[in-house]
Amino acid sequence: MDVWSSLMDGFATALTPMNLLYAMIGVLLGTAVGVLPGLGPAMTVALLLPVTAALEPTSAFIMFAGIYYGGMYGGSTTSILLNTPGESSSVVTAIEGNKMAKAGRAAQALATAAIGSFIAGTIGTALLAGLAPLVVQFAVSLGAPSYFAIMILALLAVTAVLGSSRLRGFASLGLGLAIGLVGIDSVTGQRRLTFGQPMLADGLDIVVVAVAIFAVGEALWVAAHLRRSPLHIIPVGRPWMGKKDWARSWKPWLRGTAFGFPFGALPAGGAEIPTFLSYVTEKRLTKHPEEFGKGAIEGVAGPEAANNAAAAGTLTPMLALGLPTNATAAVMLAAFTSYGIQPGPQLFSSQGPLVWALIASLFIGNLLLLLINLPLAPLWAKLLQLPRPYLYAGILFFATLGAYSVNLQAFDLVILLVLGALGFMMRRFGLPVLPLILGVILGPRIEGQLRRTLQLFAGDPAGLWSEPIAVVVYIIVAIVILWPLLFKLVRRNRPVPASVVPAHPSETLLTEDAAIQADEFQHNIQHNAHHNVHHNKEKP
């Protein structure tokens, strides 16, 4: 009942005319930027983060909720129309969605994505409202050693499962932790990594870091690979679903939601695994298996619902524990920090009206997203007809304007350019971006919990595992780190399957004969080549 009354108070705040207007502007802006090719929800939120800076916190986060869900929907639009996923979690949506668009069913694909997003987002936000206070009650009982262990797990788990190699993930994490060290040491008062620049004494603003790494780095990367040929735009048509489409979509929407929320709420869960599981499940359960790979509507409905349910799930550990589990949540955590608000167990008690207004605005933004974007889908498709040079020039303009507006200092523009070049180089060498952002945000907080633990136990390192929760978490950390090595050892020591061994001795003889013939053939080629060279020399 306490949760219900708090949520009703949140709705009373979010439904005032001005806050409702901010929510609508957020949905429109988030979708307008999110539908641009190559921009995912994380970059959309990072790019529009400075837009909310002039507002008071409650209105800013209500607008932010609209931007968040608008960016999520915009990413699915580009996946369906242009086969250009804005993030890895939209890749599965593009598999069937783009095939539907090429078959002239873009309207149905966009509609099932929008309605699935609404259903999954609504259920996920309801679970967030119910579960976050329970997570807070658990978190209040934890001490500094347990917090330190959980943050280490979040960093290592997210880093270990991203990118093409774990080494690149940890290299990106190291860069983020180094950037997070810039500034004055809170205990000793010594300057760290400031290189004699007084402007760096306060550290690097996380908003500038996020905009530089996401927006500027991506714009430079696209500019380096710019194609001169114009994009082929597929007309969207009227977003409308027939009775058969509804019948085939409602079960995938619910199953996708069930897959998405738990994975989103887990550290390193993300949306990639549940979207893939949803797609595989729908392919197995469908009554129209022949349509998969050619544009099956279930292949859009399920993964898109899983994606949005996971997006709601990521807010649970972010609000209750202060732990972001994906790039978008990391940027949202940056927004909280820019207002001097620290997400975590004390957030619901210290900033209760703000948090419940934010959760209520997620419901409102979700509904506005559906009402606004279904009829406006053809307009978003026309935005994609902008030439890419103009498109990314605009992105750089807004990124520069946003970074300058944070502190109104020209020095921030230098930082933006340097970190933007770093973001470009990270994409060039395949380093994932998320570990860097997590390192910048969580690095100073991990340092604070480590020092607090050592102070409580008079410098004894044994204090790090003095709580049962900390011990359990360290065991999980060890499994995360050692699992690939153990998996390789198990595979190496596994006996060779019987199917690999030839079933009959004649097969071995045939294999040996083939090898002998191949050697003789190679020898004859070399001999003939040598003979031809010698013969040509003897010619007059």
Side-chain angles (χ1 to χ4, degrees), residues 1-24 26-27 56-69 72 115-142 250 253-254 256-266 305-306 308-325 329 332-333 335-336 339 341-371:
M1 291 300 294
D2 188 37
V3 170
W4 178 253
S5 62
S6 300
L7 187 59
M8 288 300 102
D9 292 340
F11 271 110
T13 305
L15 286 173
T16 58
M18 283 306 296
N19 286 339
L20 207 54
L21 178 63
Y22 286 133
M24 188 172 295
V27 167
E56 57 96 16
T58 306
S59 299
F61 282 106
I62 286 172
M63 185 175 176
F64 207 70
I67 291 173
Y68 181 47
Y69 275 140
M72 293 294 297
I115 298 168
S117 300
F118 169 73
I119 292 173
T122 303
I123 296 174
T125 309
L127 291 172
L128 164 66
L131 293 179
L134 297 177
V135 177
V136 166
Q137 290 178 7
F138 168 72
V140 168
S141 64
L142 301 179
W250 72 271
W253 288 333
L254 297 178
T257 305
F259 276 121
F261 186 85
F263 276 93
L266 290 173
N308 279 267
T314 57
L315 296 181
T316 305
M318 198 275 286
L319 293 174
L321 300 173
L323 293 177
T325 58
M332 291 188 76
L333 185 60
F336 275 95
Y339 280 98
I341 299 170
Q342 190 62 55
Q346 304 301 324
L347 181 66
F348 281 77
S349 56
S350 62
Q351 299 286 341
L354 170 66
V355 176
W356 288 108
L358 170 64
I359 293 174
S361 65
L362 290 173
F363 285 103
I364 296 167
N366 215 10
L367 179 61
L368 288 174
L369 184 73
L370 184 69
L371 297 177

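What you find for Ala120 and Ala309 is that their closest heavy atoms are CB-N, 3.9 Å. Between Trp253 and Thr257, the shortest heavy-atom distance links the atoms O-OG1, 2.8 Å. Nearest heavy-atom pair, Ala360 versus Gly10, reported as atom, atom and distance to 0.1 Å: CB-C, 3.5 Å. Smallest separation of non-hydrogen atoms from Ala129 and Trp356: O-CH2, 3.6 Å. In this structure, Ile341 and Gln351 approach most closely via the heavy-atom pair CG2-CG, 4.0 Å. Closest non-hydrogen pair, Met332 versus Leu315, comes out as SD-CD2, 3.6 Å.
Taking OG1 from Thr314 and CG from Leu333, the interatomic distance works out to 11.5 Å, rounded to the nearest 0.5 Å. For the atom pair Leu347 CG and Met318 CE, the distance stands at 8.5 Å (nearest 0.5 Å). Between Leu15 atom CG and Ile364 atom CD1 the span is 4.0 Å, to the nearest 0.5 Å. Taking CZ from Phe11 and CD1 from Ile359, the interatomic distance works out to 10.0 Å, rounded to the nearest 0.5 Å.
Shown here are the ring-ring contact (aromatic ring centres under 6.0 Å, His included) partners of Tyr22, two or more places apart in sequence or in another chain: there are none. Residues forming a ring-ring contact (aromatic ring centres under 6.0 Å, His included) with Phe118 (at least two apart in sequence, or on another chain): none. With sequence neighbours excluded, the residues that form a ring-ring contact (aromatic ring centres under 6.0 Å, His included) with Phe61 are Phe336, Tyr339. For Thr16, the side chain to side chain donor-acceptor pair (under 3.5 Å) criterion is met by Asn19, not counting sequence neighbours. With sequence neighbours excluded, the residues satisfying side chain to side chain donor-acceptor pair (under 3.5 Å) with Ser117 are Asn308.
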>> Test side-chain contact (heavy atoms from CB on, under 4.5 Å) on Ile62 and Ser59; report intermediate values, then the result.
In response: CA-CA 5 Å; Ile62 286 172; Ser59 299; 5.6 Å; no
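Residue pairs meeting the side chain to side chain donor-acceptor pair (under 3.5 Å) criterion with at least one partner in residues 118-127, sequence neighbours excluded, are Tyr69-Thr125, Thr122-Asn366.
Contact check for Phe261 versus Thr316: side-chain heavy atoms found under the 4.5 Å cut-off.
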